[in-house]
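Counting starts at 1 for both ligands and their atoms, following the listed order. Quick note: numbers below take in every heavy atom, side chains included, and nothing from hydrogens, waters or symmetry partners.
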Amino acid sequence: MSFPEPRAEPDPAPRVNLLGFDRAALETWIAARGARTFHARQILSWIHRRGITDFEQMTDLALGLRVRLREEACCIAPPAAGRVLDPDGTEKWLFQVDSHNAVETVIIPDEERRTLCVSSQAGCVLNCAFCATGAQGFNRNLTPAEIVGQLWRIWHDGARSSLERPIQNVVFMGMGEPLANYRALSPVLHLLLDDLAYGFSKWRVTVSTAGLVPLIDRLAAEHDVSLAVSLHAADDALRDRLVPINRAHPLAELLAACRRYITRHPEREILIEYVMLDGVNDQMSDARALARLLRTVPAKVNLIPFNPFPGAAFAPSPESRILAFQKVLVSQGLRTLIRKPRGQAIQAACGQLAGSVANRLPDQFRFATPRACA
Ligand code: SAH
């Protein structure tokens, strides 16, 4: 016969982290506690505009509400566990999101401003053949607080950051597939655009996706932000191998979703990302196929020189080929930019982010990707 273990005192209810609450969620939370909803706006502004997370310091809130907040809520951004600076000015921060996982955030300066490249997941399940994040596996989605917390820390705690230029752009091009974590992404997008929080221009917040078609439609319906699509190949056979999610949502479906995005937001264009892989997708015939494919989508093409990482099975296209590829696109009437690699020396460039992720995804759940492409 076995006896039950002696009962420990029940844990107090876990406190809810308000850092990731957008205005609507905060109003609902506040109203459920019998307080007036305008307090939600005050709290939002304390947290995100002024960087105050100690409820005691929110002096324009009623005392009773402050007590309640202290008992039931908290406001915590993930701690920064490390910071490295590239000679080119790019800065990479490592955020410890739990005892097993750390994600990376990159700050990319230009002459006057900075762009923040945030992570949305610890690892990534999509396993694109040329990406370091995919190669290390997937552990979990980040919470809204862990996503916006990257910005919060750099914005408020990073005032002594080596580069004192305002952050003007936020791009979801760090670790993970933002649309695969839509539930957390959505409140963060609200916070980024909310004047009581960060007040970014809707033209300066970009969500980048490998092509999760149903969620592109949901994003179009619920948000007005810039959309970048990681295309990387102009035919399905090649894209199936480079970006395995293509097997679920092939090119025709993806481009149709892009057109629907534009129908919903007619003043926008889609940013098409295309990584240049030596001998794989960088031939002039690929450029012509890409131009044909994009005839029906208002798009701007961003050619990304491949950023190598340890164990990568690809090599970067030579510069002369990238320029020739660009020339073909331009001759077909496509606006085309070549993305300047930034932060390569500190492994902070596109596709080099690996953080420290405890992979807990069994192999059979990952898309099989050949190590090299013909
Ligand atoms: N999951 C999102 C965000 C990924 S990172 C997406 O797929 O769009 C942002 C961009 O970097 C994507 O276009 C991605 O395909 C590209 N990228 C990934 N690995 C790269 C590498 N090693 N070199 C250059 N670009 C890379």
Contacts of type side-chain contact (heavy atoms from CB on, under 4.5 Å), residue Thr28, not counting sequence neighbours: none
Is Asp240 salt-bridged to Arg247, cutoff N-O under 4.0 Å? no
Whether Asp278 and Arg321 form a salt bridge (side-chain N of Lys/Arg under 4.0 Å from carboxylate O of Asp/Glu) is what I want to check. yes
So is Ser208 polar-close to ligand 1, meaning N/O to N/O under 3.5 Å? yes
So is Phe130 polar-close to ligand 1, meaning N/O to N/O under 3.5 Å? yes
Does the ring center of [X] lie less than 6.0 Å from the ring center of [Y]?
X      : Y      : answer
His190 : His223 : yes
Trp155 : Tyr198 : yes
Phe130 : Phe309 : no

Is the closest heavy-atom distance from [X] to ligand 1 below 4.0 Å?
X      : answer
His232 : yes
Ala180 : no
Ala312 : no

Name the option, out of [options], that contains the heavy atom nearest to [atom].
atom                    : options                : result
atom 3 (C) of ligand 1  : Gly176, Ala210, Ser230 : Gly176
atom 23 (N) of ligand 1 : Asn307, Leu126, Leu277 : Asn307
atom 4 (C) of ligand 1  : Ala349, Cys350, Gly174 : Gly174

Closest heavy-atom pair and its distance - Phe21, Leu44: O-CD1, 3.8 Å
What do we get for Ala132 next to ligand 1 when only non-hydrogen atoms under 4.0 Å count, side chain, backbone, both or neither? neither
Does Glu273 approach ligand 1 within less than 4.0 angstrom via side chain, backbone, both or neither, non-hydrogen atoms only? side chain
About how many Å separate OG1 of Thr336 and CG of Leu290, when rounded to the nearest 0.5 Å? 8.0 Å
Taking only heavy atoms of Pro305 into account, list the atoms of ligand 1 that are under 4.0 Å away from them. 24 (C)
